[in-house]
**Student:** 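I'd like to ask you about the structure that follows.
Fair warning: this is a prediction, and the values are worked out from it, not measured in the lab.
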Amino acid sequence: MKTEAVLFAGVAGFFLVTDVLYAVWSRDPTGTAALTVSFLMALLVTFFFAMNHRRKGPRPEDRGDGHVHERSGPMGFFSPHSIWPSLTAAGVALLALGVVFGLWLFLIGLGVVLAGVFGMVFQYVRAQA
């Protein structure tokens, strides 16, 4: 992650230089604030990548002798016969239609989305008897 940290440090430096020049020449507080926030966000991402590199060391893709199998592993568990992702997708479609047609449809879509999300989260939870 050292490469990413250096890359975002360059982005943060660009925003800092641009921010200072813009603040001096334009005296516009809105643009200066936007560039300052952009600089701070790029600096935050730089800090994140630098700390991860310091804690975890170089990744296999950062090394010249790294191999693909060093990063491979299980991706996760995906339920093969679950209705909840389809219900969540239908709820998102209703949410989008609710933005166009009215609050009543948006609220129905929100209920369907919440039911789908809670179904996905709790589908394998078994009650203790």
Side-chain angles (χ1 to χ4, degrees):
M1 294 203 172
K2 185 176 183 180
T3 306
E4 291 91 345
V6 171
L7 177 72
F8 275 98
V11 171
F14 169 78
F15 279 127
L16 179 63
V17 169
T18 307
D19 185 25
V20 169
L21 292 175
Y22 187 83
V24 169
W25 283 337
S26 74
R27 301 194 198 303
D28 175 31
T30 308
T32 304
L35 286 169
T36 302
V37 169
S38 299
F39 162 69
L40 292 174
M41 287 191 299
L43 196 64
L44 178 70
V45 174
T46 302
F47 177 74
F48 172 76
F49 283 137
M51 287 299 105
N52 270 343
H53 177 71
R54 181 181 288 176
R55 269 190 231 127
K56 298 177 182 177
R59 300 173 299 180
E61 54 264 28
D62 293 334
R63 298 190 326 254
D65 63 339
H67 296 286
V68 173
H69 68 84
E70 294 179 60
R71 287 288 280 192
S72 63
M75 295 298 290
F77 173 73
F78 302 101
S79 182
H81 305 290
S82 179
I83 190 67
W84 301 114
S86 300
L87 186 67
T88 305
V92 170
L94 286 174
L95 279 174
L97 288 173
V99 170
V100 174
F101 291 111
L103 181 63
W104 63 274
L105 191 57
F106 183 84
L107 293 175
I108 292 171
L110 185 65
V112 174
V113 166
L114 289 176
V117 168
F118 281 114
M120 279 193 286
V121 169
F122 294 115
Q123 75 181 2
Y124 289 108
V125 174
R126 302 281 185 230
Q128 297 291 330

**Student:** Same hydrophobic cluster for V112 and L114, using side-chain heavy-atom links shorter than 4.5 Å among ILVMFWY?
**Tutor:**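 In one cluster with V112: L114, no.
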**Student:** Mind checking the CG-OG1 spacing from L40 to T46? Nearest 0.5 Å is all I need.
**Tutor:**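 Spacing of CG (L40) from OG1 (T46) equals 11.0 Å.
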**Student:** Give the cluster check for V100 versus W104: same hydrophobic cluster or not, with ILVMFWY residues linked at side-chain heavy-atom distances below 4.5 Å.
**Tutor:**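 As far as the 4.5 Å side-chain criterion goes, W104 and V100 are connected within one cluster.
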**Student:** Does L87 share a hydrophobic cluster with I108, counting links as ILVMFWY side-chain heavy atoms below 4.5 Å and allowing steps through other members?
**Tutor:**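 Yes, it is one cluster - the side chains of L87 and I108 are joined through contacts under 4.5 Å.
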**Student:** Closest heavy-atom contact between L35 and F15?
**Tutor:**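 Scanning both residues, the minimum pair turns out to be CD2-CD2, 4.0 Å.
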**Student:** Which value, rounded to the nearest 0.5 Å, describes the distance between L94 atom CG and L107 atom CG?
**Tutor:**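 Between atom CG of L94 and atom CG of L107 there are 11.5 Å.
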**Student:** My understanding is that only one of F47, F48, F49 makes a side-chain contact (heavy atoms from CB on, under 4.5 Å) with V45; could you say which?
**Tutor:**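 In the set F47, F48, F49, the residue that makes a side-chain contact (heavy atoms from CB on, under 4.5 Å) with V45 is F49.
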**Student:** Do the side chains of M41 and V37 get nearer than 4.5 Å, heavy atoms only?
**Tutor:**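 When only atoms from C-beta onward are counted, M41 and V37 do touch, with a gap below 4.5 Å.
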**Student:** Of the non-hydrogen atoms in R59 and E4, which two are nearest, and what is the gap between them?
**Tutor:**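 Heavy atoms of R59 and E4 come nearest at NH2-OE2, 2.7 Å.
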**Student:** Using side chain to side chain donor-acceptor pair (under 3.5 Å) as the criterion, list what pairs up with N52, not counting sequence neighbours.
**Tutor:**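 Per chain and number, N52 pairs via side chain to side chain donor-acceptor pair (under 3.5 Å) with no residue.
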**Student:** Determine whether H67 and P60 make a side-chain contact, defined as any pair of heavy atoms from C-beta on separated by less than 4.5 Å.
**Tutor:**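 No, their side chains stay 4.5 Å or more apart.
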**Student:** Does a sphere of radius 6.0 Å around CZ in R54 hold more than 12 heavy atoms from other residues, nucleotides or ligands, not counting ones at 6.0 Å or beyond?
**Tutor:**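 No.
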**Student:** Do you know the tightest heavy-atom contact between L43 and A12?
**Tutor:**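 Heavy atoms only, the tightest pair is N-CB, 4.0 Å.
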**Student:** For S82, enumerate each residue passing the side chain to side chain donor-acceptor pair (under 3.5 Å) test, keeping only those at least two apart in sequence or located in another chain.
**Tutor:**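 So S82 forms a side chain to side chain donor-acceptor pair (under 3.5 Å) with Q123.
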**Student:** Do L110 and V99 land in one hydrophobic cluster if side-chain heavy atoms of ILVMFWY residues count as linked below 4.5 Å?
**Tutor:**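 They do share one cluster, since a chain of ILVMFWY contacts under 4.5 Å joins L110 to V99.
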**Student:** What distance do T32 atom OG1 and W25 atom CH2 have between them, rounded to the nearest 0.5 Å?
**Tutor:**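 Reported to 0.5 Å precision, the distance equals 13.0 Å.
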**Student:** Locate the shortest heavy-atom distance separating A50 from A5; write the atom from each residue and the value.
**Tutor:**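 Result for this residue pair: N-CB, 3.8 Å.
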**Student:** Looking at every heavy atom in both T88 and V113, which two are closest together, and how far apart are they?
**Tutor:**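 Shortest heavy-atom separation between T88 and V113 comes out as O-CG2, 4.0 Å.
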**Student:** So if you build clusters from Ile, Leu, Val, Met, Phe, Trp, Tyr with side-chain heavy-atom gaps below 4.5 Å, do W84 and L95 land together?
**Tutor:**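 W84 does not cluster with L95.
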